[in-house]
**Q** 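Take a look at this one; I'll ask things after.
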Amino acid sequence: YHDCTLYSTLMPCFLCAGAVVQFQIPRVIVGESRTFPGARDFMEAHGVRVIDYDLERCRLMMETFIQEYPDLWYEDIGEK
Ligand SMILES: [Zn+2]
């Protein structure tokens, strides 16, 4: 994975960021991080280059998902 780039709709959580660091993925491209701030600082502290495009399209996708599946979302982020 040393020459891979990971693409994600939103900022990876600490669980996913841990996998990024463990497998030494050097770059993470993120659609947005307003919905969920995730673990950017953790990845950057381990030398991962994180690029956040802050795309409206991704924000709208996440807002729609959260409206339609709030129980799933809040369980997924550990707030339920
Ligand atoms: Zn995750």
Side-chain angles (χ1 to χ4, degrees):
Y1 300 103
H2 296 183
D3 60 352
C4 290
T5 299
L6 187 145
Y7 294 84
S8 178
T9 304
L10 76 166
M11 189 64 72
C13 70
F14 278 93
L15 189 68
C16 296
V20 168
V21 170
Q22 178 70 35
F23 290 95
Q24 300 176 37
I25 296 172
R27 282 173 306 279
V28 174
I29 308 289
V30 176
E32 65 103 356
S33 63
R34 295 186 198 212
T35 303
F36 182 72
R40 179 178 192 149
D41 292 346
F42 171 77
M43 291 186 287
E44 289 180 333
H46 287 83
V48 179
R49 183 171 179 221
V50 180
I51 299 163
D52 182 355
Y53 281 111
D54 193 27
L55 299 173
E56 182 179 13
R57 184 175 180 184
C58 290
R59 287 199 309 274
L60 291 173
M61 186 187 330
M62 290 309 305
E63 286 174 14
T64 301
F65 177 81
I66 293 166
Q67 281 181 344
E68 291 181 5
Y69 305 99
D71 290 347
L72 183 59
W73 169 252
Y74 289 108
E75 181 183 39
D76 192 56
I77 63 170
E79 292 187 7
K80 181 182 172 190

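Since the model is a prediction, treat every value here as computed from it, not as a measurement. Each ligand, and each atom within it, is numbered from 1 in the order the structure gives.
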**Q** Taking Y7 as the starting point, is it possible to reach I51 by hopping between hydrophobic residues whose side chains are less than 4.5 Å apart?
**A** yes
**Q** Check whether L6 and I29 end up in the same hydrophobic cluster, where Ile, Leu, Val, Met, Phe, Trp and Tyr are linked by side-chain heavy atoms less than 4.5 Å apart.
**A** no
**Q** Distance-only criterion, 3.5 Å: show the donor-acceptor pairs between side-chain atoms of residues 9-26 and protein atoms not counting sequence neighbours.
**A**
none

**Q** Give every donor-acceptor pair under 3.5 Å between a side-chain atom in residues 52-75 and any protein atom, sequence neighbours left out.
**A**
unit_1	atom_1	unit_2	atom_2	d
D52	OD1	D54	N	2.9
D52	OD2	S33	OG	2.5
D54	OD1	R34	NE	2.9
D54	OD1	R59	NH1	3.0
D54	OD2	R34	NE	3.4
D54	OD2	R34	NH2	2.6
R59	NH1	D54	O	3.3
T64	OG1	L60	O	2.9

**Q** Which protein N, O or S atoms does the Zn ion (ligand 1) have within a distance shorter than 2.8 Å?
**A** C13 SG, C16 SG
**Q** Write out all pairs satisfying salt bridge (Lys or Arg N to Asp or Glu O under 4.0 Å) with one or both partners inside residues 39-50, taking only residues at least two apart or from two chains.
**A** R40-E44
